[in-house]
Structures are given as C-alpha cells and as structure tokens.
Chemist: 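Have a look at the structure that comes next, please.
Scope of the values below: all heavy atoms of this structure, side chains included, with no hydrogens, waters or symmetry mates. We're numbering straight along the sequence, starting at 1.
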Amino acid sequence: MSKQVRVRFAPSPTGPLHIGGVRTALFNYLFAKKHNGTFILRIEDTDQNRYVEGAENYIVESLNWCGIAFDEGPNKNEKFGPYRQSERKHLYKEYADKLIASGNAYYAFDTSEALDFHRKDHEAKGKTFIYNWHNRLKLENSLSLSTEETQAKLDADEDYVIRFKSPQDETLHLTDLIRGNMTIDTNVLDDKVLFKSDGMPTYHLANIVDDHLMEITHVIRGEEWLPSLALHDLLYKAFGWEAPEFAHLPLILKPTGKGKLSKRDGDKLGFPVFPLAYKDHKTDEVSSGYREEGYFPEAVVNFLAFLGWNPGTEQEIFSLEELIQAFDLSRVNKAGARFDPDKIKWFNHHYMQEQDNDALAKQFQLLFPEELKDIDVNYIAMVINLIKERATFVTDFWGLGHFFFDTPSSLDEKAVKKAWKEDSPELMKELITIVSNVEDYTVENLQISIKGWITSKEIGFGKVMMPLRLALVGALQGPDVFDIMYLIGKDESVRRIDNLINTLS
C-alpha cells in the first residue's frame, strides 16, 4: 500500500461496549498492524443527551484488557487531536458553511410539526415522505426562499438545520473491500441533516471531517453503516477530498443464526455480550462481562477473530501475533456470523491449558479466600497442574479438586454401591499397612507398592482402586489416585482410608 495505513475505531460513549464493537476494534487493529499502520481511538460524543459518565474509560479499559490498545487517541500520542468530537465542534460549522458556499448543502427551517404533517400526509396516501430533490423546493429552506428571506431567518435566530443537497438523476459507483462493487441511484437518497443550529454536527458530517483531518486511509466498520456509504461518498466528492477505502463487516447474529445479537440474548441464554462487567448508573443493573466470568482475553480475541473471518486453513488457535500475520480483509465474509457461546468456552478451555500454574493459583486463591486462606500457593499450583485439563474456568478448580484441600465429608451413594463390596473392609485395612510402609513417599513408589500388592493377591485392580478413590475423593472421580495420595500426604491418605472403613463397616 502506497499510503501509511491509518484506521480508527470510533465508538459513542453511551454505555458499555458491545462485543460486536470489540470485534470491529479488533479487525481495525489487525489490519493496521498487518500493514505497519496506526490504530486510532476516536470518541464520537456529539450526542450529549445520550452521553454516559465513565463509558469512555470503560471502552479504553476493554481494549487494553483484550490486548488491542490504540496507538493514538484521547491522552495518547495526540498528533491529530483532540480525539473527542465534543472538543472538535468548533471545526464542523466551518465545513458545513463550505458546503453551503459550494451549493452542496442548504439551510432548512422546517419545524418538526411541519415535517410531521408531511409524513402523516404521505402515509395517508400510501407513500413514504423523503426530503430530497422531488419536494425540497416546496418546503421551507434556502433553496425555496430568497437570499433576503433566508438571511432574515438566520438574523432572527430561527432554528435551522443544514441539509446535504443530494444530486438528482445520477448513478453512484461504490466499492467496498468486502462486498465488492455497488451502484446507487441518487434519486432514492434523502437530503440528510449535517448540522443543527445548536452548534452540533450530526454523525455524518463530523465523521467525514474527522476522518479526512486525521488522514484515515481505511474505514472498517459494521454493516449497519452500509446505507450511509452513498452519502459519505458524496460528501467526500463535495469537499473535493480523496475518500478512504471502505469495508463493512458482517453482523454478529444470535446463537440461532436469526437476527442481530443483543444483550437480551445473553441474558436469556446465560452468556455475556460485553467484554467487562458494567453497572448501569440509572438502574443499578449489573451486566456480566467476559473478564469477570473468567474468560481469558486471548480466548475472547481468538473467538472474535473468527466471527466473520477465516484464515483459509484448518487452524483455529491463533496468538494475536499470528492473527496479525494471517488477517486479510479479502477473507472477511459478507454473510452474518453466528455467535456460538459453546465455541468461546472451547477456546477458553484451550487457553486454560497454556496458563502458568502459579498465576492460576493466585487467581484461585482470590476467588476462594476462605477455603484456601491457610494453604501454600505452591501446593495449590501443584493441584491445578493435575486438574486444569478438565477446567474451562478458574472457578471450576474447586469442584474439580476440593478434596485436595478438605477431607471428604460425604460419600457419593452410587459410588458406594459400585465400589464397596463384602471384602472391601479387609482389603482397605491391608492397604493401610502397605501405604504406611512406603518409606520414600513418591508417586512412583506408591504405584510400585500398591500395584505389586494387588498383583500378589491375584485380585482385580478395581476391587482396591475404586474403594481407594472413594476414600480419597468421596466419589469415583478426579485425577490419578497416586497423584492425589502423594499431594495430600501419607498421614492424610491413611486417615481417609480409615474413615471410609469406619463409615461403611
């Protein structure tokens, strides 16, 4: 690419960042890094009525947690700053005025009541009201009014908007890096509002001006912005600017594959739709987040990368660096991507196996402070090494390995029926002697002693190993019996076998 790649992620701080927004940020980040470019965060906060305190910090924290931190943005490398649109609003009137001067935009003074009347009148006639070439000369604007009448209204501080003057009888030829070539008949376009008399631009004007001034080369955004592409293309032409290249990402669909994924879907099916937990300050409702639910950021990123993109190979596990190297917009699909809650668990299970046991032990301690308060972190790490193969989340560790920390207080009834036979008490008493006589208490020596004894008695291994496991765990589950015995120690192993005999005899 001849130009230095510059892409931007431009969320509105109106609440928590949806997982779809994180996917958009990720694809921008991957594209930028693949081409040694710059990933920019711009906060589009022109709609002050919907602004939510703390939402910007939430967005930044979410990106940082995912490992896709921005290169330029608020309070960071502000080469093209400021990066909040509310701090740039002095710029937009100047550009709106340029469009009026060039004849590409006009003042419109229609009241909301008048526009509502026209909409209802059209509906009554089975039509749809569109403010554009076919009726603008009949409405109250600077195209239908004289220059003097227009100036009088401006001097009187009447409310107005500045509308873009969409062309008549033209065909636009548009190109999208994902969807290919498209043609649009300009006669179906409405004259969008670009600027309001309260001094604030609409998304369309602010977006175009900022992308131009920040030298954005590629606009990678969600499919919901595809209907705006024609207007944005026309705005670039009206200003005489070179437009960036556009790529519109596919929707993220519900797990059923029908309809766009929403927070309601997550609430209903029990999975998060936000990267971090979020508390609504108006309702005090707390929405769960992937971080708080125990997901690793690597798993979330790997999963999101596959929502609408594929590498063209069978490989599914990618580090962030591998994703950067493999990512290509030509391999992004047009069709919507179904969100699969089970698949992200599969990714999390994989990344669980790659985690450092000491780090996991500290996380486990934080989650179960009472149960693990007097237990050495090195011992916890050794336990985790034995059980994490079956874990998806750190919270799973207690269920998988509680017997390493607590003597079982109850016995599984089905396990008792299966494991405890008439000769079990005598065999367990003999086993206590065998275990007690193991001098160098290692996993290997335990195996040699116990298996040798079982073989010498010419009995089935199950007659000993099942009641032994029952004694140690309280159920017929858990990792290797000899690993359990080694970790809990000789005295505790003997005590548990003796407890089983006393309980069941």
Chemist: To the nearest 0.5 angstrom, please state how far the CG atom of L63 sits from the CG atom of L276.
Modeler: 9.5 Å
Chemist: Using atom types as modelled and distance alone, determine if a side-chain donor or acceptor of N348 lies under 3.5 Å from a backbone N or O of F296.
Modeler: yes
Chemist: Kindly give the heavy-atom pair with the smallest separation between Q365 and V377, and that separation in Å.
Modeler: OE1-CG2, 3.9 Å
Chemist: Decide if atom NZ of K196 counts as having more than 12 heavy atoms of other residues, nucleotides or ligands within a radius under 6.0 Å.
Modeler: no
Chemist: Compare all side-chain heavy atoms of E298 with those of Q355 and state whether any distance is below 4.5 angstrom.
Modeler: yes
Chemist: Is it the case that over 12 heavy atoms from other parts of the model lie below 6.0 angstrom from the CD atom of E354?
Modeler: yes
Chemist: Under a 4.5 Å cut-off applied to non-hydrogen side-chain atoms, are N36 and V5 in contact?
Modeler: no
Chemist: I need the minimum non-hydrogen distance between H18 and L261, along with the two atoms involved.
Modeler: NE2-O, 3.5 Å
Chemist: Could you check whether D71 and T38, counting side-chain N and O atoms only, form a donor-acceptor pair closer than 3.5 Å?
Modeler: no
Chemist: Please report the C-alpha distance between K258 and L253 in whole Å, then the side-chain angles of each, then the deciding distance to 0.1 Å, and finally whether the side-chain contact (heavy atoms from CB on, under 4.5 Å) criterion is met.
Modeler: CA-CA 6 Å; K258 296 179 181 178; L253 305 176; over 6 Å; no
Chemist: Between the main-chain N or O of I40 and the side-chain N or O of R8, is there a donor-acceptor pair closer than 3.5 Å?
Modeler: no
Chemist: Taking the six-membered ring for Trp, are the ring centroids of Y351 and F347 within less than 6.0 Å of each other?
Modeler: no
Chemist: Can any side-chain N or O of D328 pair as donor or acceptor with the backbone N or O of S330 at less than 3.5 Å?
Modeler: yes
Chemist: Establish, from distance only, whether the side-chain atoms of E492 and T407 form a donor-acceptor pair under 3.5 Å.
Modeler: yes
Chemist: Walk me through it: do K3 and E215 pass the test salt bridge (charged side-chain N to carboxylate O under 4.0 Å, His left out)?
Modeler: CA-CA 10 Å; K3 279 189 175 182; E215 299 182 4; over 6 Å; no
Chemist: Nearest heavy-atom pair of G222 and T24: which atoms, and what distance?
Modeler: N-OG1, 4.5 Å
Chemist: Any idea how Y379 and F404 line up, ring-wise: parallel (<30°), tilted (30 to 60°), or perpendicular (>60°)?
Modeler: perpendicular
Chemist: Go through F368 and I380 one step at a time and tell me if the side-chain contact (heavy atoms from CB on, under 4.5 Å) criterion holds.
Modeler: CA-CA 12 Å; F368 293 86; I380 298 173; over 6 Å; no
Chemist: Please list, chain by chain and in numerical order, all residues satisfying ring-ring contact (aromatic ring centres under 6.0 Å, His included) with F339, sequence neighbours excluded.
Modeler: F271, F303
Chemist: Does any non-hydrogen side-chain atom of E245 lie less than 4.5 Å from one of T217?
Modeler: no
Chemist: Does this structure show an ion pair linking K362 with D358, if we count only N-O contacts that are shorter than 4.0 Å?
Modeler: no
Chemist: Between E72 and Y83, do the side chains contain an N or O donor and an N or O acceptor separated by less than 3.5 Å?
Modeler: yes
Chemist: So which atom in F39 and which in I68 form the shortest heavy-atom distance, rounded to 0.1 Å?
Modeler: CE2-O, 3.3 Å
Chemist: Rounded to the nearest 0.5 Å, how far does CG of D191 lie from CD1 of I162?
Modeler: 13.0 Å
Chemist: Are F397 and K388 side-chain neighbours, meaning at least one heavy-atom pair lies under 4.5 Å?
Modeler: yes
Chemist: Would you list the pairs meeting salt bridge (charged side-chain N to carboxylate O under 4.0 Å, His left out) in which at least one residue belongs to residues 367-387, sequence neighbours left out?
Modeler: E370-K373
Chemist: Among residues at least two apart in sequence or on other chains, which ones pass side-chain hydrogen bond (donor to acceptor under 3.5 Å, both in side chains) with K260?
Modeler: none
Chemist: For T14 and A55, which heavy atoms make the closest approach, and how far apart are they?
Modeler: N-CB, 4.2 Å
Chemist: Answer yes or no: is there a side-chain heavy-atom contact under 4.5 Å between R6 and F80?
Modeler: yes
Chemist: Flag yes if more than 12 heavy atoms outside D159 fall under 6.0 Å of its CG atom; otherwise flag no.
Modeler: no
Chemist: With under 30° as parallel and over 60° as perpendicular, where do the rings of H248 and F246 fit, or are they tilted in between?
Modeler: parallel
Chemist: Looking only at atom types and distance, does a side-chain atom of R84 sit under 3.5 Å from a main-chain N or O of D45, one as donor and one as acceptor?
Modeler: no
Chemist: Step by step, would you call D396 with R390 a salt bridge (charged side-chain N to carboxylate O under 4.0 Å, His left out)?
Modeler: CA-CA 9 Å; D396 294 340; R390 295 172 60 204; over 6 Å; no
Chemist: For the pair F129 and Y131, name the ring-plane relationship: parallel under 30°, tilted 30 to 60°, perpendicular over 60°.
Modeler: perpendicular
Chemist: Any donor-acceptor pair under 3.5 Å linking the side chain of E87 with the backbone of P82?
Modeler: no
Chemist: Roughly how far apart are Q325 CD and E322 CD, rounded to 0.5 Å?
Modeler: 9.0 Å
Chemist: Taking all non-hydrogen atoms of both residues into account, name the closest pair between I178 and A247 and its distance.
Modeler: CD1-CB, 3.9 Å
Chemist: Run the side-chain contact (heavy atoms from CB on, under 4.5 Å) test on R50 and S12 for me, step by step, so that the C-alpha distance in whole Å, both residues' side-chain angles and the decisive distance to 0.1 Å come before the verdict.
Modeler: CA-CA 9 Å; R50 296 178 62 218; S12 297; 5.7 Å; no
Chemist: Any salt bridge (charged side-chain N to carboxylate O under 4.0 Å, His left out) involving residues 343-353? Give me the pairs, sequence neighbours left out, ordered by first then second residue.
Modeler: E316-K343
Chemist: Sort out for me which residue in F27, Y29, F31, F318 forms a ring-ring contact (aromatic ring centres under 6.0 Å, His included) with F327.
Modeler: F27
Chemist: For salt bridge (charged side-chain N to carboxylate O under 4.0 Å, His left out), just list the numbers for R495 and D491, CA-CA rounded to whole Å, side-chain angles, deciding distance to a tenth of an Å, and then say yes or no.
Modeler: CA-CA 6 Å; R495 186 159 44 247; D491 292 345; 5.9 Å; no
Chemist: Does atom CD (E94) have a neighbourhood of more than 12 heavy atoms from anything else shown, all under 6.0 Å?
Modeler: yes
Chemist: What pairs meet the ring pair (Phe, Tyr, Trp, His ring centres under 6.0 Å) rule with one or both residues in residues 53-78, with sequence neighbours excluded?
Modeler: Y58-Y278
Chemist: For a quick test of your reading: what N or O donor-acceptor pairs under 3.5 Å do the side chains of residues 474-487 make, sequence neighbours left out?
Modeler:
{"from": "D480", "atom 1": "OD2", "to": "F482", "atom 2": "N", "distance (Å)": "2.9"}
{"from": "D480", "atom 1": "OD2", "to": "D483", "atom 2": "N", "distance (Å)": "3.3"}

Chemist: Please determine whether side-chain contact (heavy atoms from CB on, under 4.5 Å) holds for the pair K279 and D284, giving the CA-CA distance in whole Å, both sets of side-chain angles, and the decisive distance to 0.1 Å.
Modeler: CA-CA 6 Å; K279 183 177 181 179; D284 285 336; 3.4 Å; yes
Chemist: Rounded to the nearest 0.5 Å, what's the gap from CD1 on I344 to NE2 on H349? Could you check?
Modeler: 15.0 Å
Chemist: Picking from R23, E223, R338, what satisfies side chain to side chain contact (heavy atoms under 4.5 Å, CB included) with I252?
Modeler: R23
Chemist: Quick one, Y51 and P13 - any side-chain contact, counting heavy atoms below 4.5 Å?
Modeler: yes
Chemist: Mind checking whether R221 and N207 have side chains closer than 4.5 Å, heavy atoms only?
Modeler: yes
Chemist: Is there a side-chain contact between L41 and V60 (heavy atoms, below 4.5 Å)?
Modeler: yes
Chemist: With a 6.0 Å cut-off (strictly less than), is the heavy-atom count around CD of E53, excluding the residue itself, greater than 12?
Modeler: no
Chemist: Once rounded to the nearest 0.5 Å, what's the spacing between atom CD of Q85 and atom CD of E44?
Modeler: 4.0 Å
Chemist: Could you give the distance from OG (S262) to NZ (K254), rounded to the nearest 0.5 Å?
Modeler: 4.0 Å
